[in-house]
Amino acid sequence: MRNVAPMKIAKIGYLAVSVALCGFGIQLLLNPNSSLQAIGVACGISLILFGIIKLVGYFSKDLFRLAFENDLASGILMLAIGVSLLIRTQEVLASFATVLGILILMDGLLKIQIAVEARPFGIQLWWLILASAIVTALFGVLLIFRPSESQDMMMRFMGVALILDAVLNVSTVLTSVKIIRNQRAED
């Protein structure tokens with residue numbers, strides 16, 4: 001039998017970080033004039049935590065091997081961006097909308113791949129992952145190309161993008177991570 005603790009940690013971690021992302025998104029929507037310094041530090045810490053959770057998920061070897069299949073590279077990238085946000089907050093914040101847009105676009109595109117691969121596995125809600133991934137990726141593109149130079153509008157775009165990414169993560173983890181206690185270990 002395989003130890004399922006890493007999968008549980010990754011699944012619960014994904015859900016917890018998604019709740020935090022949703023909270024940040026709501027904060028940015030309701031109060032777009034929030035302190036950029038505080039947002040930068042909070043996002044840096046969140047990215048570091050999410051990077052660690054993604055690495056735990058990648059090495060957990062879940063049954064379908066879908067939700068965490070790309071988490072090695074994205075986990076390392078999140079760790080690097082999170083650390084840079086904490087060390088050089090002001091410099092990174094100058095291009096934060098673009099950096100966040102690239103992260104969200106990457107996550108959306110990788111989840112599109114997961115959705116396409118989930119269908120042959122018989123995961124009935126594969127379309128939910130696909131739909132939320134497409135919408136999330138589109139918001140990532142919006143952040144990259146900055147449709148508005150207004151700080152309030154960009155903060156609101158970031159808030160919506162964070163909420164969409166949280167929904168995408170939750171839908172992916174809940175539909176494609178199956179923890180089975182008596183799962184056989186790989187040979």
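- Using a 4.5 Å heavy-atom threshold, the side chains of Phe59 and Leu72 count as touching.
- The ring-ring contact (aromatic ring centres under 6.0 Å, His included) analysis of residues 86-112, with sequence neighbours excluded, yields no pairs.
- With sequence neighbours left out, the side-chain hydrogen bond (donor to acceptor under 3.5 Å, both in side chains) criterion links Ser132 to Ser171.
- Nearest heavy atoms, Ala166 versus Leu21: CB-CB, 4.0 Å.
- Heavy atoms only, all atoms of each residue included: Ala97 and Met154 are closest at CB-CE, 3.7 Å.
- Applying the salt bridge (charged side-chain N to carboxylate O under 4.0 Å, His left out) test to residues at least two apart or on different chains, the pairs with a partner in residues 75-99 are Arg88-Glu91.
- In this structure the side chain of Ile52 reaches within 4.5 angstrom of the side chain of Leu79, judged on heavy atoms.
- Considering only heavy atoms from C-beta on, Leu28 stays 4.5 Å or farther from Ile163 through its side chain.
- Checked against side chain to side chain contact (heavy atoms under 4.5 Å, CB included), Val83 has the following partners two or more places apart in sequence or in another chain: Ile48, Ile87.
- Applying the side chain to side chain contact (heavy atoms under 4.5 Å, CB included) test to Ser46 and every residue at least two apart in sequence or in another chain returns Phe24.
- Residue Leu77 holds its CG atom at 11.5 Å from CG of Asp71, rounded to the nearest 0.5 Å.
- For Ser60 against Met7, the heavy-atom pair with the smallest separation is OG-CG, 3.4 Å.
- Between Val170 and Leu15, the closest side-chain pair of non-hydrogen atoms falls below 4.5 Å.
- The two atoms that bring Thr136 and Leu164 nearest to each other are OG1-O, 3.3 Å, heavy atoms only.
- For residues 154-167, no residue pair satisfies the side chain to side chain donor-acceptor pair (under 3.5 Å) rule, not counting sequence neighbours.
- Using a 4.5 Å heavy-atom threshold, the side chains of Val160 and Leu29 count as touching.
- The OG atom of Ser176 sits 14.0 Å away from atom CH2 of Trp126, with the distance rounded to the nearest 0.5 Å.
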Cut-off 3.5 Å, no hydrogens considered: what does the side-chain donor-acceptor table look like for residues 99-107, sequence neighbours left out?
| unit_1 | atom_1 | unit_2 | atom_2 | d |
| --- | --- | --- | --- | --- |
| Asp107 | OD1 | Lys111 | NZ | 2.8 |
| Asp107 | OD2 | Lys111 | NZ | 3.3 |

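- Ile129 and Val173 are not part of a single hydrophobic cluster, where members link through side-chain heavy atoms under 4.5 Å apart.
- When the ring pair (Phe, Tyr, Trp, His ring centres under 6.0 Å) test is applied to Tyr14, the partners found at least two apart in sequence or on another chain are Phe50, Phe68.
- Screening residues 20-33 for side chain to side chain donor-acceptor pair (under 3.5 Å) gives Gln27-Ser34 as the qualifying pairs, with residues at least two apart or on separate chains.
- The distance from atom SG of Cys22 to atom CG of Leu162, rounded to the nearest 0.5 Å, is 9.0 Å.
- Here the closest heavy-atom approach between residue Thr89 and residue Gly40 is recorded as CG2-CA, 4.3 Å.
- With sequence neighbours excluded, the residues that form a side chain to side chain contact (heavy atoms under 4.5 Å, CB included) with Leu138 are Ile134.
- Counting all heavy atoms, side chain and backbone alike, Ala133 lies closest to Ile112 at CB-CG1, 3.6 Å.
- In the hydrophobic clustering of ILVMFWY residues, with side-chain heavy atoms under 4.5 Å counting as a link, Leu143 and Leu85 come out together.
- Two residues are said to be in side-chain contact when any heavy atoms from C-beta on lie closer than 4.5 Å; Val41 and Leu86 meet this criterion.
- Taking 4.5 Å as the limit, some side-chain heavy atom of Leu174 sits within range of a side-chain heavy atom of Lys11.
- Put simply, Leu168 and Ile26 are part of two different groups of oily side chains (I, L, V, M, F, W, Y) that touch within less than 4.5 Å, one to the next.
- Residue Leu49 holds its CG atom at 7.5 Å from CD1 of Ile45, rounded to the nearest 0.5 Å.
- By the criterion of side-chain heavy atoms lying less than 4.5 angstrom apart, applied directly or through intervening Ile, Leu, Val, Met, Phe, Trp or Tyr residues, Val19 is not grouped with Ile9; the two fall into different hydrophobic clusters.
- Shown here are the side chain to side chain contact (heavy atoms under 4.5 Å, CB included) partners of Ile12, two or more places apart in sequence or in another chain: there are none.
- For Arg119, there are no side-chain hydrogen bond (donor to acceptor under 3.5 Å, both in side chains) partners, not counting sequence neighbours.
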